[in-house]
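I have placed the structure first, in the form of structure tokens, so that the comments after it can refer back to it.
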Amino acid sequence: MNRQSVLDHLKAQKDLLFDIVIIGGGATGLGTALDAASRGYRTLLLEQSDFAKSTSSRSTKLVHGGVRYMAQGDLLLVMEALHERGIMLKNAPHLTFNQEFIIPVYTAWDVFIYTAGLKFYDMMAGSLSMGKSYFINRDKTLARLPLLKQEGLKGGVVYHDGQFDDSRMAVALAASCMDHGGLAANYCRVTGFIKDQEGKISGVKVKDVVSGNDFNVNAKMVVNATGVFADEIARMDNPDARPTIRPSQGVHIVLDKSFLQGDSAIMIPKTEDGRVLFAIPWYDEVVVGTTDTPLDKVSLEPVALDEEIEFILRTAGKYLVRPPVRGDVLCIFAGLRPLAANPANPESTKEVSRRHKITLSSSGLLSIVGGKWTTYRRMAEETIDKGISAGMIDKRKCITSGLQLTTGDPDPSSGRLRIYGGGRTEIERMTDEMPDLGQSLDDRLPYTKAEIIWICRNEMPVNIEDILARRTRALFLNARASADMAPQVAEIMSREFGHEPEWVENQVESYRQLVKNYL
Ligand SMILES: Cc1cc2nc3c(=O)[nH]c(=O)nc-3n(C[C@H](O)[C@H](O)[C@H](O)COP(=O)(O)OP(=O)(O)OC[C@H]3O[C@@H](n4cnc5c(N)ncnc54)[C@H](O)[C@@H]3O)c2cc1C
């Protein structure tokens, strides 16, 4: 992945006609780009910021069918997602994990209903089940969750789901797309459409946000995969386009793993206001969330509301022996769900289906919104198939259900460096040759100089936030520690890319400002 060579290629081949241009480098856009490139279409993806900068780096990090959607009766969505869960675990073993969850139960009715419900969940997964669900008594529950409050506890219902690293999955999709001959560029914003004499979209206008240069790209088909920004893009096509998205904010907090102890996650199926709350071990910390707050405005950098943080702390405190307080929080992150607006009840987001929606405008803009990270592959397949059935591109068969995302790592399921896929070997070689590069940049986080150098050379970071937030997960795991690492990361980047000392200073300062949103 090399941003400059993608841009040079676009400049050198100004008149090239792409089969498919995808706007948006989150889960949906990157999945669509990989689907397209792997079918052999001439493919280009354009992302205005960094890959997964928006919602796709801020999820609960579950590869799941969605126990909650089962309770809401959306069985089709659950079955589809369970099937995709199995495919994602098989194709990206280096970024996915099998996670055990326990639902603590306090009444005989809860024991019955959750045990029966989760047996049904297993059944729906069929041969792609990740492990049987079953009831365990109070003592066994406390043995696995030693810091769970004991008062009134009857036992726990155990089940399994997948967990993953969302932004690293996004980078893996971009890398895989490029391996299959597609192109993907971050920091390239689509600013408008080019239309032919009949008013049909024939390309996009683009701004390279780093250099400020504008250029045009021609395409047979343009896909709008911009999540909560989809309505803005639709209005570029048609200023009168009606709103289709109802954004809903979901907040998580990250706590030290000592708050949970053990490897099991907790799932609280019904909190005081009817939401689900998870406390899940993730790398060496615990992610707790989430909320569901309808918003009117969308932003690339949403900020958690105080009441959302208080709600998570208060609810976690009801179940944990040591109730967490604000000072314990290592990171707070907020993400925006691109939910399809419900015309009957525009204010509500809780009951809005998490299913995706594909639409085709009269000028030929294909938009894909909603859905889940877990179902990105299926959403991508349907989007490209829709383009085929609309006659915009020729027919070719989807191959992503068997497409491995890890390249060249002989043992993708073990070791911390597995997250870099085939890059692991190179990182290990660097640290063998120069042991100094193997030292972590901050005692509170595992990331080493060798990893940062490898990322600079292979994963298209443009600024230190790209490295600290999404190539590594430093920001999300411990925001303060990530700010302390920032000067070293900026120094390494400036050596790799030849930036001036002033660049280092500016980067560190703007990163420290950004970190305030996460504390
Ligand atoms: C709190 C929360 C928890 C979640 N948890 C889970 C979970 O555990 N499991 C799960 O499966 N799903 C989960 N989801 C859902 C999942 O995260 C989303 O469905 C998915 O990330 C949406 O991806 P997307 O690509 O559609 O949108 P985004 O990730 O928002 O990507 C859209 C991209 O388009 C870009 N863009 C916008 N305008 C332009 C332009 N003009 N030019 C170029 N680019 C542009 C944006 O910069 C952005 O990067 C969760 C969602 C939230 C909010």
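Indexing begins at 1, ligand by ligand and atom by atom, following the structure's order. This chain uses plain numbering: 1 for the first residue, then up along the sequence. Because the structure is predicted, anything quoted here is derived from the model rather than measured.
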### Query
Going by the atom numbers of ligand 1, which of them fall below 4.0 Å from some non-hydrogen atom of S56?
20 (C), 21 (O), 22 (C), 23 (O), 24 (P), 25 (O), 28 (P), 29 (O)

### Message
I'd like to check Q48 versus V190 (side-chain heavy atoms, cut-off strictly below 4.5 Å). Are they in contact?
### Response
no

### Query
Would you call the rings of Y121 and Y159 parallel, tilted or perpendicular if under 30° counts as parallel and over 60° as perpendicular?
perpendicular

### Task
Return the orientation label for the F97 and Y283 ring planes: parallel under 30°, perpendicular over 60°, tilted otherwise.
perpendicular

### Query
Of the choices L62, T375, D292, which has the non-hydrogen atom that lies closest to atom 7 (C) of ligand 1?
L62

### Nearest-option assignment for atom 49 (O) of ligand 1, heavy atoms, candidates Q249, E47, K53
E47

### Query
Are D161 and R85 close enough for a salt bridge, meaning some N to O gap below 4.0 Å?
yes

### Task
For ligand 1, indicate whether the residue H64 contacts it via side chain, backbone, both or neither (heavy-atom separation under 4.0 Å).
side chain

#### Entry: Atoms of ligand 1 close to S54 [distance to a heavy atom under 4.0 angstrom, numbered from 1]
30 (O), 48 (C), 49 (O)

### Task
Return the residue, atom name and 0.1 Å-rounded distance of the protein heavy atom closest to atom 16 (C) of ligand 1.
W373 N, 3.6 Å

### Task
Specify side chain, backbone, both or neither for A225, according to which of its non-hydrogen atoms lie closer than 4.0 Å to ligand 1.
backbone

### Task
Classify the contact between F229 and ligand 1 as side chain, backbone, both or neither, using a heavy-atom distance cut-off of under 4.0 Å.
side chain

### Query
Out of curiosity, Y187 OH to D208 CG, how far, rounded to the nearest 0.5 Å?
11.5 Å

### Task
Using the side-chain contact (heavy atoms from CB on, under 4.5 Å) rule, pick out the option among L44, L46, T43 that qualifies with I22.
T43

#### Entry: For G371, the ligand 1 atoms whose distance to one of its heavy atoms is below 4.0 Å
19 (O)

#### Entry: Per-atom contacts, ligand 1 versus G24 - under 4.0 Å to a heavy atom
33 (C), 34 (O), 35 (C), 44 (N)

### Query
Going by the atom numbers of ligand 1, which of them fall below 4.0 Å from some non-hydrogen atom of I233?
40 (C), 41 (N)

### Task
Show which atoms of ligand 1 fall inside a sub-4.0 Å distance from at least one heavy-atom site of L300.
47 (O)

### Query
Between G227, A334, A230, S59, which one has a non-hydrogen atom sitting closest to atom 14 (N) of ligand 1?
S59

### Message
At less than 4.0 angstrom from any non-hydrogen atom of T28, what atoms of ligand 1 do you find?
### Response
23 (O), 24 (P), 25 (O), 26 (O)

### Query
What do we get for V251 next to ligand 1 when only non-hydrogen atoms under 4.0 Å count, side chain, backbone, both or neither?
neither

### Task
Mind running side chain to side chain contact (heavy atoms under 4.5 Å, CB included) on K53 and R470 for me, showing each step along the way?
CA-CA 8 Å; K53 161 73 182 180; R470 290 170 292 276; 3.5 Å; yes

### Task
Using a 4.5 Å cut-off on heavy atoms from C-beta on, say whether the side chain of V515 contacts that of L519.
yes

### Query
Between S56 and D166, does any side-chain donor sit less than 3.5 Å from a side-chain acceptor?
no

### Query
Should you measure from each heavy atom of R337, which atoms of ligand 1 turn up under 4.0 Å away?
1 (C), 51 (C), 52 (C), 53 (C)

### Query
Is there a donor in the side chain of T293 and an acceptor in the side chain of E308, or the other way round, less than 3.5 Å apart?
yes

